[in-house]
Structure formats: C-alpha cells, structure tokens
Amino acid sequence: MYAIVKTGGKQYKVAPRDRINIEKLDAEVGAEVELPVICVVDGETVEADPAKAAATKVVATVIEQFKGEKVLVFKFKKRKNYKKLRGHRQQLTRVEIKSVGTAVAE
C-alpha cells in the first residue's frame, strides 16, 4: 500500500518506513505529523478522488531539521558587464512514514 501526499507545493509517493526530505515543517524533532493525501493505491484498488482519499491518514515522524545543498543562481547579460551571483540553501525536514491508512511500519 502506498499513497501520494502533497506538502510544500510538491507531491511525494510514500509507503510505510520511507524516509523523505520535504520543505520545512514547524514541528519538533520526534513529533508526529499528518500529511494530506491526494491518492491511495492498495494492491487491487486505486482511490484517486481527493475527497475520499483525504479520509486516509498518513502519519510521519520528524527525524531532523536541516539545510539542503547550496544552489547557485547566476545572472548574466553579455556585453553589458552585468553579472550577479547568489546562493540559496533551502530549509528541509526529514520525516519517516509510520503508517499509510491501515498499513503500519514494523
């Protein structure tokens, strides 16, 4: 059993015991969070209706808060002597999926 969850403007395919990096959540390390579900796939059936899939709960535990890799943003215009270099490090949260609906990680 797996589910498609949406958080931070992105969608992730998750199953029990998966560890994923998502955009920063305001939660302490060790706290349990519930992620909004878009689609649920259970072996034989697929529940793609977001209203019905939202009834399924995906519970995750926050493992750590950290910064991602540095991304360089370089702007350049030829023959205008214009160069601008900026860097960005996204704040991320690593979570471990404990359960998807009735499927529980052991």
Side-chain angles (χ1 to χ4, degrees):
M1 174 180 242
Y2 69 88
I4 308 289
V5 297
K6 183 177 181 180
T7 179
K10 298 175 184 71
Q11 297 176 3
Y12 301 92
K13 177 183 172 183
V14 297
R17 299 190 66 181
D18 282 354
R19 289 186 175 197
I20 59 172
N21 299 331
I22 58 178
E23 286 194 21
K24 187 173 196 285
L25 297 176
D26 291 329
E28 297 291 323
V29 174
E32 288 194 349
V33 294
E34 190 174 320
L35 301 173
V37 181
I38 295 175
C39 176
V40 178
V41 178
D42 176 24
E44 345 27 83
T45 62
V46 175
E47 187 57 62
D49 182 21
K52 292 181 182 176
T56 304
K57 293 187 177 187
V58 173
V59 178
T61 303
V62 176
I63 297 172
E64 69 174 321
Q65 305 277 0
F66 66 102
K67 282 186 171 183
E69 293 289 319
K70 182 172 243 188
V71 177
L72 295 178
V73 180
F74 184 68
K75 296 181 179 182
F76 171 79
K77 294 188 180 179
K78 62 183 180 179
R79 294 188 300 270
K80 302 295 182 198
N81 197 22
Y82 175 79
K83 295 177 198 154
K84 191 173 280 194
L85 179 66
R86 295 284 182 258
H88 176 73
R89 290 185 72 186
Q90 184 68 39
Q91 297 283 339
L92 298 172
T93 301
R94 181 169 289 130
V95 296
E96 181 176 9
I97 306 301
K98 290 294 179 191
S99 66
V100 175
T102 58
V104 178
E106 299 170 356

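Values below: every heavy atom of this structure, side chains too, minus hydrogens, waters and symmetry copies. What you see is a predicted model, and the numbers here were worked out from it, not measured in a lab.
Linking Ile, Leu, Val, Met, Phe, Trp and Tyr whenever their side-chain heavy atoms come within less than 4.5 Å puts Tyr12 and Val95 in one cluster. Ile4 and Val100 are assigned to two separate hydrophobic clusters, defined by single-linkage of ILVMFWY side chains at heavy-atom distances under 4.5 Å. By the rule that hydrophobic residues join a cluster once side-chain heavy atoms approach within less than 4.5 Å of another member, Ile97 and Val62 end up as members of one cluster. Note: the hydrophobic cluster containing Val37 also contains Leu35 (ILVMFWY, side chain heavy atoms under 4.5 Å, direct or indirect links).
Here the closest heavy-atom approach between residue Ile63 and residue Glu96 is recorded as CD1-CB, 3.5 Å. Gly30 and Thr61 make their closest contact through O-CG2, 3.8 Å (heavy atoms, listed as atom of the first residue, atom of the second, distance). Of all heavy-atom pairs spanning Leu85 and Phe74, the tightest one is CD1-CD1, 4.0 Å. When every heavy atom of Asp18 is checked against every heavy atom of Ala15, the shortest pair comes out as OD2-N, 2.9 Å. Minimum heavy-atom separation, Gln65 to Leu25: NE2-O, 3.3 Å. Closest heavy-atom contact between Val46 and Cys39: CG1-SG, 4.1 Å.
We find the CG-OH distance between Asp42 and Tyr2 to be 10.5 Å, quoted to the nearest 0.5 Å. Between the CZ atom of Arg86 and the CG atom of Leu72 there is a distance of 11.5 Å, given to the nearest 0.5 Å. One finds the CG atom of Asp26 at 9.5 Å from the CD atom of Glu28 (value rounded to the nearest 0.5 Å).
Met1 has its side chain within reach of Val40: a pair of non-hydrogen atoms, C-beta onward, lies under 4.5 Å apart. Side-chain contact check for Glu47 versus Thr56: every heavy-atom pair is 4.5 Å or farther apart.
For Val59, the side-chain contact (heavy atoms from CB on, under 4.5 Å) partners at least two apart in sequence or on another chain are Glu32, Ser99. Remark: Lys78 pairs with Phe76 by the side-chain contact (heavy atoms from CB on, under 4.5 Å) rule, at least two apart or across chains.
Applying side-chain contact (heavy atoms from CB on, under 4.5 Å) to Ile22 and the options Val5, Leu92, Thr7 leaves one that passes, Thr7.
Between the side chain of Arg89 and the backbone N or O of Glu69 there is no donor-acceptor pair closer than 3.5 Å.
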Give the C-alpha distance, both sets of side-chain angles, the deciding distance and a yes or no for side chain to side chain contact (heavy atoms under 4.5 Å, CB included) between Gln91 and Lys67. CA-CA 5 Å; Gln91 297 283 339; Lys67 282 186 171 183; 3.2 Å; yes

